[in-house]
Amino acid sequence: MPDLLRTLLAPMLLVQGRRMFARMPRLDAPAALAPGPRGEGPPLHLLVVGDSSAAGYGADRQEDALLGQLVARLAASRTVTWTHFARFGSTVPKTAAFVAKQPPTAVDLAVVSVGLNDVIAGADLGAWLDGYRSLVADLQTRFAATTVVVSGLAPVGGFPALPQPMRFVIARQRDRFDAALKAWADAAPGVVYVPTGASDDGPLREGAVTVAEVMAPDGFHPGPRVYAEWARRAVAAWDADSRA
């Protein structure tokens with residue numbers, strides 16, 4: 001049904017999508033984080049991989065974006081170094097291809113944020129999940145990632161930037177893809193799923209705030225408050241997995 005609805009509404013969605021991206025305020029990527037290492041304690045190498053959210057769009061400083069928030073939390077008990085592979089507009093295939101070209105560096109924790117651009121573009125669920133598995137397999141083999149945290153797809157149903165009916169259609173597709181990603185991650189060794197939207201814990205839980213209050217001015221990317229909670233969940237998931 002979701003695919004049929006999207007097909008029927010395709011001409012309208014195409015027009016809405018072009019108009020939305022044309023009108024959306026342009027954000028700048030925050031400057032690179034000052035070189036490490038940070039913190040004291042056992043060494044830990046962090047790898048952050050993915051799209052514009054992984055790159056930190058929506059935060060004015062990298063310290064307030066996903067990478068900076070992760071480093072700050074991990075540095076409380078570790079000596080942290082990091083690698084950052086994130087690009088605006090990236091999809092699962094583009095991210096996998098980019099990572100495959102990079103020289104391998106052993107990492108302890110990899111945090112992945114990618115996939116929503118694929119959903120918006122109308123990717124096939126089966127092919128998308130296969131590509132995601134291949135990306136994670138590369139991180140686990142060539143990069144020797146002990147834990148791979150896969151980030152849930154953002155809850156686009158509350159995104160102010162998306163007009164109706166585009167928001168309704170994309171949100172339904174997002175739910176399908178996110179459920180499939182979580183089901184796979186929950187069963188995959190060394191892989192942990194963390195939600196990036198509302199959940200039963202933390203300041204972004206349902207009813208605590210509206211999505212618009214915690215997003216960037218473009219109504220599409222996360223703001224610092226989202227990044228902070230996202231990093232908290234990712235580090236908690238890594239800590240639980242490393243103790244298991």
Side-chain angles (χ1 to χ4, degrees), residues 33 36-51 53-56 65-86 92 95-96 99-100 102 104-116 128-155 177-205 222 225-244:
L33 202 62
R38 302 276 179 90
E40 295 182 358
L44 183 145
H45 192 86
L46 167 71
L47 172 61
V48 175
V49 174
D51 54 21
S53 293
L66 180 60
L67 175 63
Q69 299 273 8
L70 287 167
V71 168
R73 286 187 172 274
L74 292 166
S77 59
R78 299 286 191 277
T79 300
V80 185
T81 54
W82 59 87
T83 305
H84 198 196
F85 297 151
V92 169
T95 300
V99 171
Q102 308 308 312
T105 300
V107 303
D108 301 286
L109 168 63
V111 178
V112 182
S113 168
V114 70
L116 187 59
W128 178 83
L129 193 56
D130 285 345
Y132 212 120
R133 290 193 193 101
S134 296
L135 169 61
V136 171
D138 192 22
L139 297 176
Q140 291 179 319
T141 53
R142 289 199 312 119
F143 289 83
T146 305
T147 301
V148 178
V149 172
V150 298
S151 305
L153 301 182
F177 279 60
D178 193 63
L181 178 64
K182 184 178 186 305
W184 166 71
D186 286 348
V191 181
V192 184
Y193 168 97
V194 296
T196 57
S199 71
D200 294 334
D201 67 320
L204 304 186
R205 63 185 180 274
R225 187 170 177 179
V226 178
Y227 283 127
E229 174 62 9
W230 184 352
R232 184 192 71 79
R233 293 175 181 176
V235 171
W238 162 76
D239 187 56
D241 186 67
S242 62
R243 295 174 185 272

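Quick caveat, the model's predicted, so the values are computed rather than measured. Counting begins at 1 with the first residue of the sequence.
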Quick note, salt bridge (charged side-chain N to carboxylate O under 4.0 Å, His left out) partners involving residues 70-79, not counting sequence neighbours, are none

From CG (Leu33) to CH2 (Trp82), nearest 0.5 Å
4.5 Å

side-chain contact (heavy atoms from CB on, under 4.5 Å), that's the test. Do Leu109 and Leu74 meet it? Break it down for me.
CA-CA 10 Å; Leu109 168 63; Leu74 292 166; 4.0 Å; yes

Reported CZ-to-CG distance for the pair Phe85 and Leu47, which is rounded to 0.5 angstrom
6.0 Å

Carboxylate-amine/guanidinium contact Glu229 Arg233, below 4.0 Å
yes

With sequence neighbours left out, the residues meeting side-chain contact (heavy atoms from CB on, under 4.5 Å) with Ala72 are none

Kindly compute the distance separating OG1 (Thr146) from CD (Gln140), expressed to the nearest 0.5 Å.
9.5 Å

Test side-chain contact (heavy atoms from CB on, under 4.5 Å) on Leu66 and Trp230 and set out the steps.
CA-CA 7 Å; Leu66 180 60; Trp230 184 352; 3.8 Å; yes

Taking every non-hydrogen atom, the tightest pair across Ser77 and Pro42
O-CD, 3.5 Å

Got Val114 and Val49 here, is their nearest side-chain heavy-atom distance under 4.5 Å?
no

May I have the step-by-step check of side-chain contact (heavy atoms from CB on, under 4.5 Å) for Leu44 and Trp238, ending in yes or no?
CA-CA 12 Å; Leu44 183 145; Trp238 162 76; 3.3 Å; yes

Quick one: does any side-chain atom of Thr79 pair with a main-chain N or O of Gly41 as donor and acceptor, under 3.5 Å?
yes

Ser53: partners by side chain to side chain donor-acceptor pair (under 3.5 Å), with sequence neighbours left out
none

Across all chains, not counting sequence neighbours, the side-chain contact (heavy atoms from CB on, under 4.5 Å) partners of Ala180 are Leu125, Leu129

Salt bridge (charged side-chain N to carboxylate O under 4.0 Å, His left out) against Asp108, all qualifying residues, sequence neighbours excluded
none

Is a salt bridge present between Asp178 and Lys182, judged by a nitrogen-to-oxygen distance below 4.0 Å?
no

Taking all non-hydrogen atoms of both residues, which atom of Ala237 and which atom of Val192 are closest, and how far apart?
CB-CG1, 3.5 Å

Nearest heavy-atom contact between Gly131 and Val92 is C-CG1, 3.5 Å

For Trp128, ring pair (Phe, Tyr, Trp, His ring centres under 6.0 Å) partners two or more places apart:
Tyr132, Phe177

Might you work through the side-chain contact (heavy atoms from CB on, under 4.5 Å) test for Leu153 and Thr196, ending with a clear yes or no?
CA-CA 7 Å; Leu153 301 182; Thr196 57; over 6 Å; no

Could you tell me whether Glu40 atom CD has more than 12 heavy atoms of other residues or ligands within 6.0 Å of it?
no

Over all heavy atoms of both residues, which pair between Val111 and Ser151 is shortest? Give the atoms and the distance, please.
CG1-OG, 4.1 Å

Sequence-distant partners of Ala96, side-chain contact (heavy atoms from CB on, under 4.5 Å), two or more places apart
Leu135

Mind checking ring pair (Phe, Tyr, Trp, His ring centres under 6.0 Å) for Phe143 and listing every partner two or more places apart, or none if nothing turns up?
none

Of all residues at least two apart in sequence or in a different chain, which pass the side-chain contact (heavy atoms from CB on, under 4.5 Å) check with Ala188?
Trp184, Val191

Residues forming a side chain to side chain donor-acceptor pair (under 3.5 Å) with Asp138, sequence neighbours excluded
Arg142

With heavy-atom distances below 4.5 Å as the criterion, would you say the side chains of Asp51 and Thr95 are in contact?
no

Residues passing the side chain to side chain donor-acceptor pair (under 3.5 Å) test with His84, sequence neighbours excluded, are none

Once side chain to side chain donor-acceptor pair (under 3.5 Å) is applied, do any residues pair with Thr83, and if so which ones, sequence neighbours excluded?
His45

